[in-house]
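Have a look at the structure below before the remarks.
Each chain gets a letter, A, B and so on, in the order its sequence line appears, and its residues count up from 1. What you see is a predicted model, and the numbers here were worked out from it, not measured in a lab.
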Amino acid sequence: MRNEDVAAVFYEIADILELQGIAFKPQAYRRAASAIEQLDVEIASAVASGTHREIPGVGEAIAKKIEELVRTGSLDYLERLRAETPPGLLEIMSVPDIGPKTAMILVHDLGVSSLGELKEAALAGKVKKLKGFGERTEERILSGIKTLESKGRRAFLGEALPVARAYVEYLMGRIRLDLIDVCGSLRRGKETIGDMDILVGWDNAPAVTDAFTQYERVDEVIVSGATKTSVRLAGGFQADLRIVERSSYGAALQYFTGSKEHNVLIRKMGIEKGLKVNEYGVFERDSNRKLAGDTEDGVYEALGLPWIPPELREDAGEIDAALRGALPTLLEPSDVKGDLHVHSEWSDGADSIDDIVSAAAAKGHKFVAITDHTQSLSIANGLSPEKVLAQIEAVRKAEERSEGGVRAFAGSEVDILADGSLDLPPSVLRELDVVIASVHSRLKMEPKEMTARLVAAIESGEIDIVGHPTGRIIGRRDPASIDLEKVFESARENGVMMEINAFPDRLDLRDAHCRMAKDNGVMMTIGTDAHSLRHLDYLEFGIITARRGWLEKSDVLNTLDPAKVEKKLRGRRA
DNA sequence: GCCGTTTTCGGCCCGACTGTTTTCAGTCG
């Protein structure tokens, strides 16, 4: 069982307990689930060493359940909970505005047992006749079901960020705003986004609300009050606007950035210090005197903490680290000097090497690596050994022709074949400046086999980087079953690096795995996996992922000057 | 179910908005 699988079990338990009207336990299970998700070791090895009991939020009862999950792959307790849950309840609770109480009434008093039946009942006007229900509630339920049907998956960070930035730009064009930020999971850089939160500090709330709801991409205004408005954008994406007085802006920014779990800890710290923390500021409980609120820095300072970067605010040990003065100095976008994974028209990319080098120069890169696919990936027009050698010459010439002073590395994204061997002979690999090795086939191997396959590639001594190490595609393909700690150990011993693939639907390694790699002493690289020039912009998402993985400048190869990058890469042949 | 410079028992973050209400519960973030 992977950490995500164990977390999913506890999230489901929390949902069912909540449905049963049980208080506090759901939070306890959610806290444990979230901690396990963020864990920087494999849960199985934590159990093996007995350290799973030390995970925050994991006590005696949950520890036992983790052991059972790791040992048997399933959990009796969850099976029992499922069995006693009326069918359709969880599904019905997933409708916006239907929580545990409402869902229970619908199932019991109306006798519906699926979303479809609920919709039918609402359309037939049966819902509004229930005690405590009315016309508006029935409409809301129908609209909620419609939302659910049209919404589909969460958006990738790479999709949502440009939409949010366009919205902010529009608002700033309508009204002169100096205090406006995107907050929520977007500001924290989560890999997928449920909805976007925009915060505005201004004294004329109605004008901002009007501008917000009049945006051309707004399909529907869901709620609109004095300080809070929610709309649905074309395509089903929800956007929330909060307006606060300027003097509360920092507190609101902190509050609406979240995560919820991080904020709960912040407020508990406040309580211990006799303070009340809300979106308006930090107040003394007794006198209600305001201690902070206009800046986010000030809020943390009032609690005796340094400012914590949004990407770390996940209740993953950041508050502890802050108290100890041990927060990492995170990688900054300006630290990153180039892109280490780009495809050209030689394989399945859209652009010429010349155009890629020029585009990299225009973006201010100091280097770019051309890394096309190899022969066995015929679907992507993979290159034969002869073509690889020819391409090396082509890259050298493109670099000479270029005017931006960009160093162009001749590389390859060589396939790791099923037996762990590489898709190009050593004689060719040794001519290359950079060798990324990736798995593109037979992704569903058994964990032992897949781990051995990656370790064999790492131990070959012919590669620099493992590309998109888990092979996951967010929302579509699960990560391969791999013992990542074994892979990282082998990588450290052999001086091989792990890629953060910045493509929006990959982000692989993901945040928690970056942290795991770092803890295992492995160096990381960032590559866009660009297949066209506009994909070169994806570098940002790799940087955000690195930050969420607690990575510092010194953990990432891309922060070095070209000469030093080259020296490090040449190291594999020494 | 977890947790402890106030606690090993008794707490557990905080406020906006809505709808169906005569004063508040449910939901959300």
Any base atoms under 4.0 Å from [X], or only sugar-phosphate, or nothing? Heavy atoms, all strands.
X	answer
A:Ile98	sugar-phosphate
A:Val95	sugar-phosphate
A:Arg31	nothing
A:Lys128	nothing
A:Glu279	sugar-phosphate
A:Arg285	sugar-phosphate
A:Glu60	sugar-phosphate
A:Phe256	nothing
A:Lys101	sugar-phosphate
A:Thr227	sugar-phosphate
A:Asn263	nothing
A:Ala226	sugar-phosphate

Among [options], find the nucleotide with the atom closest to the side chain of [X].
X	options	value
A:Ile62	B:dC2, B:dT20, B:dA16	B:dC2
A:Ala28	B:dT18, B:dT27, B:dC2	B:dC2
A:Tyr255	B:dA16, B:dG1, B:dC14	B:dC14
A:Arg136	B:dC14, B:dG29, B:dT20	B:dT20
A:Lys25	B:dG1, B:dC14, B:dG29	B:dG1
A:Asp197	B:dC14, B:dG29, B:dC3	B:dG29
A:Tyr29	B:dG1, B:dT27, B:dG29	B:dG1

Watson-Crick or G-U wobble mate for B:dT8, both contacts under 3.5 Å: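 Its partner: none found.
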[atom1] atom, [N] versus [M]: distance in rounded Å?
N	M	atom1	result
B:dC12	B:dT7	P	16 Å
B:dC17	B:dT21	P	22 Å
B:dG26	B:dT20	C1'	11 Å
B:dT8	B:dC2	C1'	12 Å

Taking 4.0 angstrom as the limit, do [X] and [Y] come out as a salt bridge?
X	Y	answer
A:Arg188	A:Glu314	yes
A:Glu12	A:Arg82	yes
A:Asp15	A:Arg30	yes
A:Glu296	A:Arg187	yes

Separation of [N] [atom2] from [X] [atom1] (nearest whole Å):
X	N	atom1	atom2	answer
A:Ile105	B:dG19	CD1	P	17 Å
A:Met269	B:dG4	CE	P	13 Å
A:Met104	B:dA25	CE	P	19 Å
A:Ile271	B:dC3	CD1	C1'	14 Å
A:Arg140	B:dC17	CZ	P	13 Å
A:Glu18	B:dG29	CD	C1'	13 Å
A:Lys129	B:dG19	NZ	P	21 Å
A:Met196	B:dC28	CE	P	20 Å

It should be established whether [X] places a side-chain nitrogen or oxygen under 4.0 Å from OP1 or OP2 of nucleotide [N].
X	N	result
A:Thr102	B:dT27	yes
A:Thr137	B:dT20	yes
A:Lys268	B:dG4	no

Nearest-nucleotide 5' precedence on DNA chain B, A:Met93 against A:Gly134: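 This one resolves to A:Gly134.
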Along DNA chain B (nearest heavy atom to each residue), the more 5'-positioned of A:Pro100 and A:Tyr280: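 Taking each residue's closest nucleotide, the earlier one in sequence belongs to A:Tyr280.
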Face-to-face stacking of A:Phe24 with B:dC12, centres under 5.5 angstrom, angle under 30°: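 Yes; by the centre-distance and plane-angle rule, A:Phe24 counts as stacking on B:dC12.
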CZ (A:Arg136) with more than 12 external heavy atoms under 6.0 Å: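 Incorrect, the count does not exceed 12.
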Contact summary for A:Leu331 and A:Ala546, nearest pair of heavy atoms: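 Taking A:Leu331 first and A:Ala546 second, the nearest heavy atoms are CD2-CB, 3.8 Å.
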A:Thr213 side chain to A:Asp210 backbone, donor-acceptor under 3.5 Å: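 Indeed, once roles are kept as given, a pair shorter than 3.5 Å links the two residues.
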Residue that, paired with A:Glu191, satisfies salt bridge (charged side-chain N to carboxylate O under 4.0 Å, His left out) out of A:Arg472, A:Arg506, A:Arg548: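 By the salt bridge (charged side-chain N to carboxylate O under 4.0 Å, His left out) criterion, A:Glu191 pairs with just one of A:Arg472, A:Arg506, A:Arg548: A:Arg472.
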